[in-house]
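Quick caveat, the model's predicted, so the values are computed rather than measured.
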Amino acid sequence: MSQEPHLAFADDVGRFYARQYGLPPMAGRLLGYLFVCEPPQQTIDELSEALRASRSAITGVVKLLESYKMARRVRAAGERADRVSLDPVSQHPQHFDSAIHKEHAALFREGLALLADAPSERRAPLEEMAALAEFLAERLPRLLEEWLVYRDELRASGKLPTPSE
């Protein structure tokens with residue numbers, strides 16, 4: 001079976017994550033490949049061969065993705081090599097922590113205090129960013145609740161599989 005469609009998908013994911021999140025393209029490629037590879041756990045050597053990259057490049061991006069809880073390494077008893085796979089934590093809703101947005105808003109309000117006597121057009125960018133952060137802090141917890149209900153409905157109807165872990 002040709003790996004070309006898998007590699008094309010991995011390349012697309014790599015470009016997306018590089019453009020949107022500033023990740024190295026190889027990190028996105030590895031992430032994309034882990035979504036579609038068979039078996040879903042691969043050794044560094046297998047990933048290196050499949051992605052046509054050096055072992056050191058793969059090892060480096062595995063470490064990076066591990067730090068973001070997007071990939072993980074496991075070693076089965078009796079095996080000499082780690083196997084890399086998607087980290088199940090990465091499939092849980094993330095970035096819904098309202099405390100982060102509250103802190104963000106507080107930082108912008110601190111900046112606004114520095115510009116207390118400045119004209120409104122000078123204050124406008126900070127005002128808008130503070131308002132956005134406060135909006136997200138208020139709305140994201142409810143959005144997460146809605147998503148969890150919706151996800152459970154999809155799982156109950158069979159339209160979304162229930163993860164094994």
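For Asp87 and Lys69, the salt-bridge test fails: no basic side-chain N is under 4.0 Å from an acidic carboxylate O. No salt bridge links Arg55 with Glu46; every basic N to acidic carboxylate O contact stays at or beyond 4.0 Å. Look at Glu127 and Arg123 and you find a salt bridge, because one of the NZ, NE, NH1 or NH2 atoms lies within 4.0 Å of a carboxylate O, short of that distance. Note on Lys102 versus Glu138: no salt bridge recorded, every NZ/NE/NH1/NH2 to OD/OE distance being 4.0 Å or above.
Contact detail for Ala137 and Ser98: the closest heavy-atom pair is O-CB, 3.1 Å. The heavy-atom pair separating Ala81 from Thr43 by the smallest distance is CB-CG2, 4.1 Å.
A 4.5 Å side-chain heavy-atom check between Val84 and Arg72 finds every atom pair outside the cut-off. Within the 4.5 Å cutoff, the side chain of Met70 has no heavy atoms near those of the Leu34 side chain. Counting heavy atoms from C-beta on, the side chains of Pro24 and Leu64 come closer than 4.5 Å. Counting heavy atoms from C-beta outward, Leu140 and Leu144 have side chains that stay 4.5 Å or more apart. Side-chain contact between Leu23 and Tyr68: present, with at least one pair of heavy atoms (C-beta onward) separated by less than 4.5 Å. Counting heavy atoms from C-beta outward, Phe108 and His104 have side chains that approach closer than 4.5 Å. Looking at heavy atoms from C-beta onward, Gln41 lies out of side-chain contact with Arg73 at the 4.5 angstrom threshold. Annotation: side chain of Met26 is in contact with side chain of Ile58 (closest heavy-atom distance under 4.5 Å).
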*Is there a side chain to side chain contact (heavy atoms under 4.5 Å, CB included) between Val62 and Ile44 once you walk through the steps?*
CA-CA 9 Å; Val62 166; Ile44 297 291; 3.9 Å; yes
*Run the side chain to side chain contact (heavy atoms under 4.5 Å, CB included) check on Glu128 and Leu132 step by step: do they pass?*
CA-CA 6 Å; Glu128 187 165 334; Leu132 173 61; 5.6 Å; no
*Is there a side chain to side chain contact (heavy atoms under 4.5 Å, CB included) between Phe16 and Tyr21 once you walk through the steps?*
CA-CA 8 Å; Phe16 175 82; Tyr21 303 110; 3.7 Å; yes
_If you apply the rule salt bridge (Lys or Arg N to Asp or Glu O under 4.0 Å), what do you find for Glu134 with Arg109, and how did you get there?_
CA-CA 11 Å; Glu134 290 164 351; Arg109 295 283 175 212; 3.0 Å; yes
*Apply salt bridge (Lys or Arg N to Asp or Glu O under 4.0 Å) to Glu4 and Arg52, showing your working.*
CA-CA 12 Å; Glu4 292 308 314; Arg52 301 172 186 154; 2.8 Å; yes
*For Leu51 and Leu30, what are the C-alpha separation, side-chain angles and deciding distance, and is it a side chain to side chain contact (heavy atoms under 4.5 Å, CB included)?*
CA-CA 8 Å; Leu51 293 172; Leu30 176 62; 3.8 Å; yes
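Rounded to the nearest 0.5 Å, atoms CZ (Phe9) and SG (Cys37) are 11.0 Å apart. Separation of atoms CG (Asp45) and CD (Glu49) is listed at 8.5 Å; rounding is to 0.5 Å. Between the OH atom in Tyr33 and the CG atom in Leu47 there is a gap of 7.0 Å [rounded to 0.5 Å]. Considering CG of Leu143 and CG of Leu148, their distance stands at 9.5 Å, rounded to 0.5 Å. Rounded to the nearest 0.5 angstrom, Leu136 CG and Ile100 CD1 are separated by 11.0 Å. Atom OG of Ser120 is separated from atom CG of Leu115 by 11.5 Å, given to the nearest 0.5 angstrom.
Counting only distance, with no hydrogens or angles, the side chain of Ser48 and the backbone of Ala53 share a donor-acceptor pair below 3.5 Å. Checked by atom type and distance alone, the side chain of Arg29 never pairs as donor or acceptor with a backbone atom of Val13 at under 3.5 Å.
Side-chain heavy atoms closer than 4.5 Å link hydrophobic residues (I, L, V, M, F, W, Y) into clusters, and following such links, possibly through other members, connects Phe135 to Trp147.
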